[in-house]
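Chain letters run A, B, ... following the sequence lines, proteins first and then strands; every chain starts at 1. What's counted below: heavy atoms across the whole structure, side chains too, no hydrogens, waters or symmetry copies.
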Amino acid sequence: MYLTDEEKRMLQGEEGVVRQKCMEQLVDLAEIAGAERLVDLDGTGDFTHVAGGRGKFGFPLEALRDLAESGAKFKIPTCSNKVPIPQVPFHGWEKCGIPQHEDPAYNEKLRGEEYMSLYRKMGVFTSHSCANYLTSTFWPTVGQHCSWTESSAVPYCNAVLGGRVNLDGSFASCFLGKAPYYGMHITENRRATVLIKAGRPIQSELEWDVYGFAIGELAELAVPAVTGTVSASTSKLVKFNAALNTGGSVPMYHIPGVTPEAPTVEFALSGKQPRKTFVLGETELRQAYEKINYLPADEVDFVFLGCPHYNIVDLWRVSQLLEGKKVKVRMWIMTSPWLYDLAKSQGFLKIFEDAGATLLTGTCPAAMGMPEGIRTVAMDSAKQSYYITGRFSTPEKPLHVCYGSKEDCVQAALTGKWRGDWR
Amino acid sequence: MKEIRINGRKEFGGQITGEALVSPGPLEGFTNCSPAGGFVTERNHPLYGIPYKGKILVYTYARGSGGFTAYGQGANIAGAFVHHKSNALSATCASLARVPSVSDTEIDPTTVIETGDTVFVNGDEGYIVVYKKD
């Protein structure tokens, strides 16, 4: 593959061991992915912290400390996504109901602060969210090359913001400001090749979530032009993206007239016929809903909201549903650490606490675990439904996942009964 | 014995001959793979609970979370990967796993290979040979 003189110098170790390891990692990934060169990033970065770096491309903490103390900075504005699993909460851990997580020493140890403090010194925003793009207050613009991690975030960058990104965010890519040039960095690959139509208007958040999951299963890795949606909002797009990359692996899509790179279906498809057209009618949508709504039960003993991490408007909506009421079963509401103080100052935290619900930040049940003994959980996220069972369900002892709208889930928390459905 | 050669693209080099374990659809990582146990934990998945250690793990494509890297971790890793379509998930997994991996195959390998077939994976040159019993 082609490397610039600067890149060759880094690869040969002339600019220190950390830059050398980073360049080795990027070249390795580029060769695997079939990229012929690296691209200089001019957008934003987002990476998941891995203590000591990734496998053979790792380097000791001491080398990172030396680098930070030398004044080295990340090349692009970068958020640090998460800490390793078991991903501890940044707020709400004291009363989450899991004894291990309620131990302050455990929480402190797993926050990875020895690394985070060095990252911050190097300019990283240690925001600890799967939805950093919602709280970062700084976004890439159309055409900017980025390097992000997190499957639900990647379509937000590509489709919603018009940035250019593959799911490859790492310390290496964000620190050096370089990424393998392939996939969504290349204009031709961003054009739609399949067309999606809906047999009913896709309007509510639940409908957007189910539609996303169903499209993901059909589109697989293709870029779809999506029609049939109504009244897009931030919350709906976030859910749609997360579900798309649960049912499939869709880095990019166009909703003509909504997303920035395609004003019309014809433009999205570059004037060509779609390779395939899928029509998702009532039957297909219900089938998708029933895949996500896994072995639902009448009695609920846990309610979880906030996958991907709720934005401030989601928190506001749930606070309105809970104000002046009391939950009957344990309820977690998850958001980004940076929104905790905002939720507090807006009065939402007090409403949640008065209702008996817990506001947590920076993680999710699939990543941190759930309180002991829970067999039926209600949630409003196709993504979380699909991953929570991977961790907690077996054929012998299934976890029941009741899947529905925010409102259905809050009702379940208030009554202990599940009444949600696909409507 | 019938031999079928399928051309693809090198994802990661190395050569190995082994027994195929075939997923008729995609694989999904993060919690839906147990790297410690070396098996799929995705609900209703045909490979649920079946050990893949040392096997030629054949699947259509990688979907879902960036945690697909779970397939590239642990002592119970597959012997090689063969899949029809590559993406950022399969690339990152191959970088971590460092076992032979062939992708972008000319036909969907899951339509030809059955679990238990012997498969030669040539990651260096980007092709596989399937040995079907008569």
Undergrad: Starting at SG of A:Cys146, measure out to CE of A:Met184 and round the result to the nearest 0.5 Å.
TA: 13.5 Å
Undergrad: Quick one: of A:Gly55, A:Pro180, A:Pro395, A:Pro398, who has the most non-hydrogen atom pairs under 4.5 Å with chain B?
TA: A:Pro395
Undergrad: So which part of A:Leu244 gets closer than 4.5 Å to some heavy atom of chain B, the side chain, the backbone, both or neither?
TA: neither
Undergrad: Are any non-hydrogen side-chain atoms of A:Leu399 and A:Val377 less than 4.5 angstrom apart?
TA: yes
Undergrad: For A:Phe302, enumerate each residue passing the ring pair (Phe, Tyr, Trp, His ring centres under 6.0 Å) test, keeping only those at least two apart in sequence or located in another chain.
TA: A:Trp332
Undergrad: Could you work out, with side chain to side chain contact (heavy atoms under 4.5 Å, CB included) as the rule, every residue matching B:Ala80, not counting sequence neighbours?
TA: B:Ile16, B:Ile56, B:Pro100, B:Val121
Undergrad: Decide if the gap between the ring center of A:Phe59 and the ring center of A:Phe171 is smaller than 6.0 angstrom.
TA: yes
Undergrad: Any heavy-atom pair between the side chains of A:Ile215 and A:Phe240 that's under 4.5 Å?
TA: yes
Undergrad: Kindly write out the residues that satisfy side chain to side chain contact (heavy atoms under 4.5 Å, CB included) with B:Ala97, not counting sequence neighbours, or none if the list is empty.
TA: B:Ile77, B:Phe81, B:Val99
Undergrad: Considering distance alone, list the donor-acceptor pairs between chain A and chain B shorter than 3.5 Å.
TA:
from: A:Asp28; atom 1: OD1; to: B:Arg98; atom 2: NH2; distance (Å): 2.9
from: A:Asp28; atom 1: OD2; to: B:Ser95; atom 2: OG; distance (Å): 2.8
from: A:Asp28; atom 1: OD2; to: B:Arg98; atom 2: NH1; distance (Å): 3.2
from: A:Ile32; atom 1: O; to: B:Arg9; atom 2: NH1; distance (Å): 2.8
from: A:Ile32; atom 1: O; to: B:Arg9; atom 2: NH2; distance (Å): 3.2
from: A:Glu217; atom 1: OE2; to: B:Arg63; atom 2: NH1; distance (Å): 3.3
from: A:Glu220; atom 1: OE1; to: B:Lys85; atom 2: NZ; distance (Å): 3.0
from: A:Gly247; atom 1: O; to: B:Arg63; atom 2: NH1; distance (Å): 2.9
from: A:Gly248; atom 1: O; to: B:Gly64; atom 2: N; distance (Å): 3.0
from: A:Ser249; atom 1: OG; to: B:Asn87; atom 2: ND2; distance (Å): 3.0
from: A:Lys291; atom 1: O; to: B:Arg43; atom 2: NH2; distance (Å): 2.7
from: A:Ile292; atom 1: O; to: B:Arg43; atom 2: NH2; distance (Å): 3.4
from: A:Ser385; atom 1: O; to: B:Arg43; atom 2: NH1; distance (Å): 2.7
from: A:Ser385; atom 1: OG; to: B:Arg43; atom 2: NH1; distance (Å): 3.3
from: A:Ser385; atom 1: OG; to: B:Arg43; atom 2: NH2; distance (Å): 3.2
from: A:Tyr386; atom 1: O; to: B:Asn32; atom 2: ND2; distance (Å): 3.3
from: A:Tyr386; atom 1: OH; to: B:Glu42; atom 2: OE2; distance (Å): 3.2
from: A:Tyr386; atom 1: OH; to: B:Arg63; atom 2: NH2; distance (Å): 3.3
from: A:Tyr387; atom 1: O; to: B:Thr31; atom 2: OG1; distance (Å): 2.6
from: A:Tyr387; atom 1: OH; to: B:Glu28; atom 2: OE2; distance (Å): 2.6
from: A:Tyr387; atom 1: OH; to: B:Ser65; atom 2: N; distance (Å): 2.8
from: A:Thr389; atom 1: OG1; to: B:Arg43; atom 2: NH1; distance (Å): 3.1

